[in-house]
2 protein chains.
Amino acid sequence: MAPVVDVHTHIYPPAYVSLLRSRTAVPYMRTFSDNPSAGERLVILPSEDAATTTARGRPIGPEYYEEEEKIKFMDKHHIDISVISLANPWLDWCDASEAASVAVQINDDVEEVCSRHPGRLYAFGTLPLSAGADAVVAEIKRLTTLDHFRGVIIGTSGLGNGLDDPALEPIWAALQETRQLIFLHPHYGLPASVYGDRAAEYGHVLPLALGFPLETTIAITRAILSGVFDRYPGLEMLLAHSGGTLPFLAGRIESCIAHDGHLKQANKIKGRRSIWDILKKNIYLDAVVYGEAGLKAAIEASGKDRLMFGTDHPFFPPLEDEENEWLSVKTNSAAVSGVFESDIKSRDDVMGGNAVRVLRLE
Amino acid sequence: MAPVVDVHTHIYPPAYVSLLRSRTAVPYMRTFSDNPSAGERLVILPSEDAATTTARGRPIGPEYYEEEEKIKFMDKHHIDISVISLANPWLDWCDASEAASVAVQINDDVEEVCSRHPGRLYAFGTLPLSAGADAVVAEIKRLTTLDHFRGVIIGTSGLGNGLDDPALEPIWAALQETRQLIFLHPHYGLPASVYGDRAAEYGHVLPLALGFPLETTIAITRAILSGVFDRYPGLEMLLAHSGGTLPFLAGRIESCIAHDGHLKQANKIKGRRSIWDILKKNIYLDAVVYGEAGLKAAIEASGKDRLMFGTDHPFFPPLEDEENEWLSVKTNSAAVSGVFESDIKSRDDVMGGNAVRVLRLE
């Protein structure tokens, strides 16, 4: 039987935790003196940083930064291998002069963490994007010398101007050349105005449930429209949360391209690769979509051999009853089992076999 | 065999065309003196109104406002019945003092159009939303006296503050009481900043392919979170473009609600209706999603008995070769046929049977 592999699971390694604790602006970690009983808090998003709330950000504990907690979580949920990645917002905010050395430190930290758990932990690397393309390319090349890295995680802003930025060309080229998978993950969401005046009443639901996947969808669509996958046909990208909403919208995007007078005049319709083709040759999807409806679209769009189980740990912890399996994990694994019914082989492929093959986890 | 029914098809009736021609700001219709050869143009979106483009807006011809063109289109594509609706942006922009009488005029126009084609045309009504709830409720009640109306079309802004606006309560109540289906349709998209600096290079693709469905998704999620379907369990809503992306994201939204500390503290998690329950009892989806991936998610989310074929005519006309069937129509009908394979009964239900039942088109 194939091992169970979690391709979407985050950690804050020691070097990153030190940084967060030394900061006073988002992102940062701190115990607030006016509410010490709330414990240490992690504030990632500006919207979580309102001084008017009694408990800013979210509780943060050892599950975010201690490797033993990751292993315990894996054991509890029968996960054999985790491919860990730094959680958002990575080093997007990092001073340009420091980003390269911080990235080295973080990746070396993570390499050590993986080394201490042979066969159980692999990783996606952190890139010093705020330092510019040269520094990023250097770290991409250095990652190939570390045993446990299988790709890199990046946000949707790229070097600051999105994934259709021509300044990213050397980075795409280096990633294609070194055959490292890009794990594309959201962080920025959408402008708060779209959620309306009552958004705060709904907790974090609108920015997390909608902002994140819609951000991913826009980012990958901009990359596709700018021809990234035409120029780098060997590029491989794993999209968080089953592609945001790309599998569902791929048909509409294709139709809008085919009917666009401007693109036709610019002679950009014929000869381009279709989104369906890119989905089936360049894109992988995690199975973090919490239901069979989304999974069915993902399978139809990219294929069941390109879908990989994930948990998003340590995010979405249970609100109570921590002794049992996490609801967020159960929902995703039940959806995988449900969608494949008696096709055990495909279920096992999604739960781990595909990740072993794609990420060379032998 | 069930008739083929198009539930997503627009028209600008005479009263609305006169209004558009009399205006000089978006939305408006005009032949530009600096480019008369481009013919009469329809400018719906502020982003289409740039004076720097040689051809603003989109070409508009008789297919937008002449009923015979609708019938010709239906005949060419073997569509037996169309349920026509005013296209966006409806009367959202209309002066409050005029909106009520304009809505009456438009709905009376449409009633006459339908009467001239017995058995072939039905309609969704236009509401004077800018005039406030009382005027809207009055027109909802008046629509029940017209033979061919089966519901109303509304945008995502409601009375101006979105679909979680408490001021909408009497409108939801009137729609539930009179059993009129609400056809929810996007218009406003997302703030242009999310598309980045290169958006114009991609024609209208980003705002049309992503902005529209993402807007619908946010709007319906705000309605659900505010408890509209808990308070009005008899409300029935048809979501344009297969729900925007709601079927794909429903699982993630449910998970985010179940894991939200704020909602738990506010005691808002238990007792609420789940999105899956609302999808299966209150929501209908059109099949305007241009591919099997989206359709599979829609079927899983709402059920094949709640999915209804549509064309979005007269939008997405072919860029060439107008003599043949439209690509946009073929793509959607092929997806319906493809997804049901040999299950002819379900295919025919989606192509028309469901609409006949739900909209009482006997």
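Numbered from 1 within each chain, the chains take letters A, B, ... in sequence-line order. What you are looking at is a predicted structure, and each value in this text was computed from that prediction instead of being measured.
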Is L263(A) in contact with chain B via its backbone, its side chain, both, or neither, using a 4.5 Å heavy-atom distance?
side chain
Heavy-atom cut-off 4.5 Å, strictly under: side chain, backbone, both or neither for A301(A) against chain B?
both
Closest non-hydrogen contact found for S242(A) with F248(B) is O-CZ, 3.3 Å
Against chain A, work out which of G291(B), A298(B), S255(B), G162(B) has the most heavy-atom pairs shorter than 4.5 Å and name it.
S255(B)
Examine whether an atom of F212(A) lies under 4.5 Å from a heavy atom of chain B, and if so say whether it belongs to the side chain, the backbone or both; otherwise answer neither.
side chain
Most contact-rich option vs chain B, by heavy-atom pairs under 4.5 angstrom, among T156(A), V289(A), I257(A), is V289(A)
Can you confirm whether L225(B) sits close enough to L206(A) that some side-chain heavy atom of one is under 4.5 Å from a side-chain heavy atom of the other?
yes
In terms of heavy-atom pairs under 4.5 Å with chain A, which of Y195(B), Y188(B), F315(B) leads?
Y195(B)
Would F316(B) and C256(A) satisfy side-chain contact (heavy atoms from CB on, under 4.5 Å), going step by step from the backbone distance to the final call?
CA-CA 8 Å; F316(B) 302 102; C256(A) 283; 3.7 Å; yes
What distance do I218(B) atom CD1 and L210(A) atom CG have between them, rounded to the nearest 0.5 Å?
6.0 Å
Where on A200(A) is there a heavy atom nearer than 4.5 Å to chain B: the side chain, the backbone, both, or neither?
backbone
Nearest heavy-atom contact between P191(A) and V194(B) is CD-CG1, 3.4 Å
Take atom CD of E169(A) as the centre, draw a 6.0 Å sphere, and report whether it contains more than 12 heavy atoms from other residues, nucleotides or ligands.
yes
Contacting moiety of H259(B), where chain A heavy atoms sit under 4.5 Å
both
Heavy-atom side-chain contact between P166(A) and R198(B) under 4.5 Å:
yes
With a 4.5 angstrom heavy-atom cut-off, which part of L295(A) approaches chain B: side chain, backbone, both or neither?
neither
In short, L249(B) meets G244(A) closest at the heavy-atom pair CD2-O, 3.7 Å
Where on E215(B) is there a heavy atom nearer than 4.5 Å to chain A: the side chain, the backbone, both, or neither?
neither
Work out which heavy atom in R222(A) is nearest to a heavy atom in D197(B); give both atom names and the distance.
NH2-N, 4.5 Å
Taking every non-hydrogen atom, the tightest pair across E201(A) and K268(B)
O-NZ, 4.0 Å
Under 4.5 Å from a heavy atom of chain A, the part of T217(B) involved
both
Leading residue by heavy atom contact count with chain A [cutoff under 4.5 Å; candidates A199(B), A219(B), S193(B), G251(B)]:
G251(B)
Under a 4.5 Å cutoff for heavy-atom pairs, which residue among N161(A), T221(A), T331(A) has the most contacts with chain B?
T221(A)
Checking Y202(B) against D260(A): is there a side-chain donor and acceptor pair closer than 3.5 Å?
no
Any E320(A) side-chain heavy atom under 4.5 Å of K264(B) side chain:
yes
Kindly give the heavy-atom pair with the smallest separation between A209(B) and I253(A), and that separation in Å.
CB-CA, 3.7 Å
Backbone N/O of L208(B) and side chain of R252(A): donor-acceptor pair under 3.5 Å
yes
